[in-house]
> 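First the structure, which I've put down as structure tokens, then a few questions once you've had a look.
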Amino acid sequence: MRYLSTRGGAWVSGSRSGGASTLSFSEAVAEGLAPDGGLFVPQKLPDISSRLDSWEGLAYSDLCFEFLKLFADDIPEGELSKIVKKSYLAFDSPDVAPLRKLDDKLYMLELYHGPTLAFKDFALQFVGNLYEYLLARSGEKINVLGATSGDTGSAAINGLLGKGNANIFILYPEGRISPLQERQMACTGASNVFPIAIDGTFDDAQSIVKDLFGNIEFKSKWNLSAVNSINLARIISQSVYYIYAWLKLPRAERSDIQFIVPTGNFGNVFAGWLAGKSGLPSVKFKVATNQNDILWRLFNSGVYELSEVKPSCAPSMDIQVASNFERFLYYFEGGDCASVRKIMESFKRDGRWFFEAFSAPEFSASRMEDAEIPYAIDSVYRKYGAVIDPHTACAFKDLSHAGTKVVLSTAHPAKFPELIKKAINVAATSPALDILSKKKIVKKNMPASLSAVRAYIEANGLK
Ligand SMILES: *Cc1c(COP(=O)(O)O)cnc(C)c1O
């Protein structure tokens, strides 16, 4: 399987492919973002429809291996199988992604049984082990650098925990993330993890990270790498739980399925759509946003337009631009890279794009105001006895689909104990988080200064 940039191919000289117009899986993963600013997509999708019968009843990691080997065909199968197996060992449910029945034709796919209790573990556990393997193969070492306002940082850290060929530096604003989120990053005890608490805002932290990546000399000297949401390996590993859920449904309920996905950067829901495009039959998708609703507006009006981020109580969905949307755009435009480039450039310049005829029948969208979220948590608790987190709550809006509905539950409620307490007067807990509260916080406090962070990486980076 080869991969190409959504924006074409005139860019490749100077990249890892050495001038070819397409890259292998490993090359595309290592490259991250394509040098022309585009995202990597498979040149041709596999057809899994004839394989589904033989995948019936497979354990999660076996299914994951069967699916990923179609995409990561430049990694020897024995190695890929080991990487996949390792990645889902730390999940605290034997099903890895249990499908829970809430009501007639209504299910919830629990994606929060990984080490940081959010669905990002599905991708980042796999990516961490994949990096470890690819780096061992090339003899390279990397320093992963990122800024976080909460969840992605801890999932990335936990994916790379204790890896010998990668150190990870995560900046976050001191005092502005929840104590729990801080503990998930700063209590790991791993010697390759460097949490940096910046005396400033999330934007300060992010701008330092951007400046360091923009310094070509520093970036290449320290082999800086980002584990961001546009990485190809993250998307493809997330397609697996859609197939897993499909196979877990009673056969009679597989003919008309709507997956309802709490959405921010469009990574999760795109992964599901890609499974559908690869032959998973009869699946549709509902994009559930919070009050940051760029995608809701797009699917309802055909206008893709920036607006200000409004902080919400489902913070992992607080986005301005849905960065993975470009991948869908590539297919929407019939694989016309020139047209993708034109739209993305124009969007970057004007902050908006009007689609003349926007029709995406596999998608619908819903939007939840911030003030509605506690009520949704309360109503789901009373109707189905399920305690859900504020991101998952956004999915429970206008459940009108007549066929089977599968809500993706993206985080464990224990990550948001105050809100849950207020909404339903229940103490949401998790043994994994209780253990953390007894551990020592190890972090580096620093002013929001580029030179201070640079010096810290120079003193602690892997070489
Ligand atoms: C990241 C995240 C989301 C949004 O997922 P996207 O792939 O960005 O659409 C939703 N819920 C939780 C809990 C998250 O951490």
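Just follow the structure's listing: the first ligand is 1, and inside any ligand the first atom is 1.
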> Mark the output for Pro262 as yes if a heavy-atom distance to ligand 1 is under 4.0 Å, and as no if none is.
yes
> Please confirm whether Met317 comes within less than 3.5 Å of ligand 1 when only nitrogen or oxygen atoms on both sides are compared.
no
> Is any NZ, NE, NH1 or NH2 atom of the basic residue among Glu174 and Lys443 found under 4.0 Å from an Asp or Glu carboxylate oxygen of the other?
yes
> Where does the angle between the aromatic ring planes of Phe122 and Tyr60 fall among parallel (under 30°), tilted (30 to 60°) and perpendicular (over 60°)?
perpendicular
> With heavy atoms under 4.0 Å as the rule, classify the contact between Asn268 and ligand 1 as side chain, backbone, both or neither.
both
> Could you list which atoms of ligand 1 come closer than 4.0 Å to a heavy atom of Thr263?
9 (O)
> Salt bridge or not for Glu132 and Lys86, using N-O below 4.0 Å?
yes
> Quick test: of every protein heavy atom, which one is nearest to atom 14 (C) of ligand 1, and how far off is it to 0.1 Å?
Lys120 NZ, 2.8 Å
> Please enumerate all residues that pass side-chain hydrogen bond (donor to acceptor under 3.5 Å, both in side chains) together with Lys105, with sequence neighbours excluded.
none
> Compute the shortest N/O to N/O distance between His391 and ligand 1 and return yes if it is under 3.5 Å, no if not.
no
> Could you name each residue pair satisfying side chain to side chain donor-acceptor pair (under 3.5 Å) that touches residues 312-321, not counting sequence neighbours?
Asp151-Ser316, Asn290-Ser312, Asn290-Asp318, Asn292-Asp318, Ser312-Asp318
> Does a salt bridge link Lys85 with Asp62, judged by any charged N lying under 4.0 Å from a carboxylate O?
yes
> Please write down residue, atom name and distance for the protein heavy atom closest to atom 11 (N) of ligand 1.
Thr410 OG1, 2.9 Å
> Among all the protein's non-hydrogen atoms, which is closest to atom 4 (C) of ligand 1, and how far away is it?
Gly264 N, 3.5 Å
> What orientation do Phe363 and Trp273 show, parallel under 30°, tilted 30 to 60°, or perpendicular over 60°?
parallel
> Just which atoms of ligand 1 are under 4.0 Å from any heavy atom in Gly267?
6 (P), 7 (O), 9 (O)
> Side chain or backbone of Phe266 under 4.0 Å from ligand 1, or both, or neither, by non-hydrogen atoms?
backbone
> Which ligand 1 atoms does Ala411 reach within 4.0 Å, using its non-hydrogen atoms?
13 (C)
> To which protein heavy atom is atom 5 (O) of ligand 1 closest, and what is the distance rounded to 0.1 Å?
Phe119 CZ, 3.4 Å
> What atoms of ligand 1 come closer than 4.0 angstrom to any heavy atom of Asp151?
15 (O)
> Are Lys69 and Asp73 within salt-bridge range, i.e. N to O under 4.0 Å?
no
> For atom 8 (O) of ligand 1, which protein heavy atom lies nearest, and how many Å away is it?
Asn265 N, 2.7 Å
> Check whether more than 12 heavy atoms from other residues, nucleotides or ligands sit under 6.0 Å from atom NZ of Lys101, and answer yes or no.
yes
